[in-house]
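Predicted, not measured: the structure shown is a model, and the values here were computed from it.
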Amino acid sequence: MRVAAALRAKGGDEFAKPGNIIEVKFVKGESLSLTASRLLALMILTAGGDAWEDKPHRMRKADIRRGHKGNERITDMLQELHRTLFAVDDLSWRGRKATKRFSLIQSSREEIDEEGAEAGWIEWEFTPDARRLIRESETYAVLNRQAVLGFRSSYALRLYELGALRLQEVAF
């Protein structure tokens, strides 16, 4: 998380995404859509070096929707992040190989203005399992915000993240 904090302090469009989050597996038959994958990347960028801490993180909706005027898709993306289960190799209470399944997002709040229309901010908290995964990650990928937002398919974004992760592994 020191890398994430250093990139944030430096400014610019680069941010660190923990290797454990990039390499996390989806439960069979599930995966994130391109828009939800982008939102997760923006959440990690926004949380920065504090992503592993047990606290809420906040982001402006304008940073999510880019050129779109409405916020209607943001609700769908948040709900998708809440629903999608991830899986990691783990050990059972008896010390045997096991698969642990969990969500990355514990809770979220989306502002609504007085007239019922959506307002400007979202707030979320990562689950304890996601925070542990982030905290214990020994590898990371340096990603470019504009590149992440520019991909037209979730497959292309996934390849970019995996390539950036491998690039960092080679550098060390």
Side-chain angles (χ1 to χ4, degrees), residues 1-27 30-53 55-68 71 73-88 102-110 120-127 129-169:
M1 295 313 326
R2 287 188 306 257
V3 173
L7 287 171
R8 176 184 249 171
K10 180 179 145 185
D13 275 351
E14 290 186 330
F15 67 100
K17 187 170 182 180
N20 287 353
I21 296 291
I22 292 172
E23 292 182 327
V24 73
K25 299 175 213 142
F26 295 98
V27 169
E30 292 192 29
S31 65
L32 289 175
S33 67
L34 175 61
T35 55
S37 295
R38 285 178 181 158
L39 177 56
L40 178 58
L42 290 173
M43 289 171 145
I44 289 170
L45 176 147
T46 301
D50 297 335
W52 63 273
E53 293 184 18
K55 68 178 197 176
H57 305 281
R58 294 169 189 87
M59 181 179 0
R60 293 175 341 126
K61 288 183 178 181
D63 294 335
I64 300 168
R65 68 176 181 259
R66 295 174 49 209
H68 300 281
N71 295 322
R73 297 184 326 169
I74 294 173
T75 300
D76 294 338
M77 289 184 273
L78 284 170
Q79 288 175 354
E80 183 178 343
L81 282 173
H82 280 286
R83 282 191 315 266
T84 304
L85 290 177
F86 300 86
V88 294
F102 59 93
S103 309
L104 292 179
I105 305 300
Q106 172 172 290
S107 66
S108 64
R109 289 180 187 82
E110 186 176 1
W121 289 81
I122 64 165
E123 179 180 71
W124 74 94
E125 294 177 47
F126 292 111
T127 63
D129 290 316
R131 291 193 311 268
R132 191 187 91 237
L133 210 60
I134 291 167
R135 183 181 65 246
E136 294 176 356
S137 187
E138 295 181 7
T139 60
Y140 63 91
V142 175
L143 304 175
N144 181 284
R145 180 183 189 278
Q146 294 306 318
V148 167
L149 296 176
F151 284 105
R152 300 267 185 230
S153 77
S154 56
Y155 180 72
L157 176 55
R158 181 108 172 105
L159 285 178
Y160 172 67
E161 291 177 338
L162 289 169
L165 180 61
R166 297 300 174 253
L167 182 66
Q168 288 299 330
E169 289 175 353

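- I21 has its side chain within reach of L133: a pair of non-hydrogen atoms, C-beta onward, lies under 4.5 Å apart.
- S137 contributes a side-chain N or O that, together with a main-chain N or O of N20, makes up a donor-acceptor pair within less than 3.5 Å.
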Next item on the list: Given side-chain contact (heavy atoms from CB on, under 4.5 Å), test L78 with I105 step by step and report yes or no.
Entry: CA-CA 9 Å; L78 284 170; I105 305 300; 5.7 Å; no
Next item on the list: Report the C-alpha distance between F102 and V88 in whole Å, list the side-chain angles of each, state the deciding distance to 0.1 Å, and finish with yes or no for side-chain contact (heavy atoms from CB on, under 4.5 Å).
Entry: CA-CA 9 Å; F102 59 93; V88 294; 3.7 Å; yes
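- A distance-only check finds no donor-acceptor pair linking the side chain of Y160 to the backbone of L143 [under 3.5 Å].
- P18 and I134 make their closest contact through CG-CG2, 3.9 Å (heavy atoms, listed as atom of the first residue, atom of the second, distance).
- Put simply, the side chain of F86 reaches to within 4.5 Å of the side chain of L32, judged on heavy atoms.
- One finds the CG atom of L34 at 9.5 Å from the CG atom of L149 (value rounded to the nearest 0.5 Å).
- The shortest side-chain heavy-atom distance between R131 and K55 does not fall under the 4.5 Å cut-off.
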Next item on the list: Output, in order, the C-alpha distance, side-chain angles, deciding distance and verdict of side-chain contact (heavy atoms from CB on, under 4.5 Å) for V148 and K17.
Entry: CA-CA 11 Å; V148 167; K17 187 170 182 180; over 6 Å; no
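- Residue A51 comes nearest to F126 through the heavy atom pair O-CD1, 3.5 Å, listed as atom of the first residue, atom of the second, then distance.
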Next item on the list: List the steps and the verdict of salt bridge (charged side-chain N to carboxylate O under 4.0 Å, His left out) for R166 and E23.
Entry: CA-CA 11 Å; R166 297 300 174 253; E23 292 182 327; 2.9 Å; yes
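- A 6.0 Å sphere centred on CZ of F26 holds more than 12 heavy atoms belonging to other residues, nucleotides or ligands.
- The pair R73-D76 does not count as a salt bridge, with every side-chain nitrogen at least 4.0 angstrom from each carboxylate oxygen.
- A heavy-atom distance below 4.5 Å is found between the side chains of S103 and L85.
- M59 CE to S108 OG: the interatomic distance, rounded to the nearest 0.5 Å, is 11.0 Å.
- To the nearest 0.5 Å, atoms CZ (F151) and CZ (R38) are separated by 9.5 Å.
- Atoms NE2 and OG1, from H82 and T127 in turn, are 10.5 Å apart once rounded to the nearest 0.5 Å.
- Atom CG in L45 sits 9.0 Å away from atom CG in D63 (nearest 0.5 Å).
- More than 12 heavy atoms of other residues, nucleotides or ligands sit less than 6.0 Å from atom CD of E136.
- Considering only residues two or more places apart in sequence or on other chains, E53 meets the side chain to side chain donor-acceptor pair (under 3.5 Å) condition with none of them.
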Note to self: Show, in sequence, the C-alpha distance, side-chain angles and deciding distance for K61 and E110, and conclude whether the side-chain contact (heavy atoms from CB on, under 4.5 Å) test is met.
What the structure shows: CA-CA 9 Å; K61 288 183 178 181; E110 186 176 1; 3.0 Å; yes
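- Closest heavy-atom contact between A141 and L165: CB-N, 3.5 Å.
- Of all heavy-atom pairs spanning V24 and A87, the tightest one is CG2-O, 3.8 Å.
- Judged by distance alone, the side chain of R145 and the main-chain N or O of L42 form no donor-acceptor pair under 3.5 Å.
- Atom OG1 in T46 sits 9.5 Å away from atom NE2 in H57 (nearest 0.5 Å).
- Annotation: side chain of R158 is in contact with side chain of L162 (closest heavy-atom distance under 4.5 Å).
- Take R58 and apply the side chain to side chain donor-acceptor pair (under 3.5 Å) test, not counting sequence neighbours, and it matches E123.
- Here the side chains of L39 and E80 are not in contact, with every heavy-atom distance at 4.5 Å or above.
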